[in-house]
Amino acid sequence: MEENYKKLSDARTKCDGLISLYSKISLSLRAGEAGYTLDEGNVKRVELIKQFKIVDTFSERIAGIKTTSPTQLKVQTYIKQATRSYLQENLPSTTPLPELKEVKEIQDKRQEESRIAIRIQKQEALRTQVVTPPKVQASVVLEQQPSNPDSWSTKGKTTEMSRDIARDNARGVGIATSEPARGGWTGEAVAPQERGHPLIEQKEILRGYLRQAIRDNRTDEVETLKSSLHEIIDAINSLGLDDS
């Protein structure tokens, strides 16, 4: 009886491992993930059913051993009852997997939902971004020096300053005015603030999603995320944002 019981215990241990793995495969396929194939799941299901039969076989062998010992008879009866309960509890775990067509439909739906979610996030980022350079505000400070022929009030000097302001505006640089200093005008160029830009934040979010998809072996999402990440990076480069 000891040898049969050891084989029964070994078979139950294998069943426990297969139950866990088969359940994981089943959930993955029904969720539309690509970590496992339908063939892998069906192979594990066959192995699990085979191990259940081995458990039942050794339980019946133990129950059929002839004995005159009341203690051993009780042990045999207990083993048979325990095995029957074990099989009744775990046999439902061998529920068949979806058909290949259904699995493909689930995966296609998951991919489409992922693309829609990424598209919505990109649109939201684009709606909140600031792409217009700051308005140029400048004042020409003229110091009244009638006796000085090189005064800032001359037409030539005023025209030259206007050209400088227009050039700065074309470069997307705002000019902050300041109080006049004796002898002319002083100012400070202010570059647009890029830190915390929505597109840059979106890029980091997509990178996080991509790392998670690679770690979880969700190959169906990796290519979609890579494509979206490239689009965000192209948009950042086209706007000349500081992505350092």
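In what follows, every heavy atom counts, from backbone to side chain, and hydrogens, waters and symmetry copies are set aside.
Salt-bridge formation is detected for the pair Glu204/Arg207: a Lys NZ or Arg NE/NH1/NH2 atom is positioned less than 4.0 Å from an Asp or Glu carboxylate oxygen. Comment: Lys44 engages Glu47 in a salt bridge, judged by a side-chain N to carboxylate O separation of less than 4.0 angstrom.
Looking only at distances, a side-chain donor or acceptor of Thr83 sits under 3.5 Å from a matching main-chain atom of Ile79.
Taking each heavy atom of Ser28 and Gly35 in turn, the nearest pair found is OG-N, 4.2 Å.
Considering only residues two or more places apart in sequence or on other chains, Gln81 meets the side chain to side chain contact (heavy atoms under 4.5 Å, CB included) condition with Thr77. For Lys80, the side chain to side chain contact (heavy atoms under 4.5 Å, CB included) criterion is met by Ser59, Glu60, Ala63, Arg84, not counting sequence neighbours. Every residue meeting the side chain to side chain donor-acceptor pair (under 3.5 Å) condition with Gln76, not counting sequence neighbours, appears here in chain and number order: Gln72. For Arg115, the salt bridge (Lys or Arg N to Asp or Glu O under 4.0 Å) partners at least two apart in sequence or on another chain are Glu112. Annotation: salt bridge (Lys or Arg N to Asp or Glu O under 4.0 Å) contacts of Lys6 (sequence neighbours excluded): Asp10. Remark: Gln123 pairs with Arg119, Arg127 by the side chain to side chain contact (heavy atoms under 4.5 Å, CB included) rule, at least two apart or across chains. Among residues two or more places apart in sequence or in another chain, the salt bridge (Lys or Arg N to Asp or Glu O under 4.0 Å) test is passed with Glu2 by none. In this structure, the side chain to side chain contact (heavy atoms under 4.5 Å, CB included) partners of Ile49, at least two apart in sequence or on a different chain, are Arg45, Lys53, Thr94.
Rounded to the nearest 0.5 Å, atoms OG1 (Thr67) and CG (Leu73) are 7.0 Å apart. Rounding to the nearest 0.5 angstrom, the gap separating the CG atom in Asn90 from the CZ atom in Phe52 is 5.0 Å.
By the criterion of side-chain heavy atoms lying less than 4.5 angstrom apart, applied directly or through intervening Ile, Leu, Val, Met, Phe, Trp or Tyr residues, Ile214 is grouped together with Leu225 in one hydrophobic cluster. A continuous path of ILVMFWY side-chain contacts below 4.5 Å connects Leu18 to Leu91, so both sit in one hydrophobic cluster. When hydrophobic clusters are built by joining Ile, Leu, Val, Met, Phe, Trp and Tyr residues whose side-chain heavy atoms come closer than 4.5 Å, directly or via intermediates, Met1 is grouped together with Phe58.
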Donor-acceptor list for residues 97-106 side chains, cut-off 3.5 Å, not counting sequence neighbours:
unit_1	atom_1	unit_2	atom_2	d
Lys104	NZ	Asp108	OD1	3.0
Lys104	NZ	Asp108	OD2	3.1

Would you please test Cys15 and Val55 for side-chain contact (heavy atoms from CB on, under 4.5 Å) and show each step?
-> CA-CA 9 Å; Cys15 283; Val55 168; 4.0 Å; yes
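Val46 shares a hydrophobic cluster with no other residue; no ILVMFWY side chain has heavy atoms under 4.5 Å from its own.
Sorted by first and then second residue, the pairs that involve residues 12-21 and meet side chain to side chain donor-acceptor pair (under 3.5 Å), not counting sequence neighbours, are Asp16-Tyr86. Annotation: salt bridge (Lys or Arg N to Asp or Glu O under 4.0 Å) contacts involving residues 18-36, sequence neighbours excluded, are absent.
Between Leu48 and Ser93, some side-chain heavy-atom pair lies under the 4.5 Å cut-off. Residues Asn4 and Ile65 are in side-chain contact: their nearest non-hydrogen atoms beyond the backbone lie under 4.5 Å apart.
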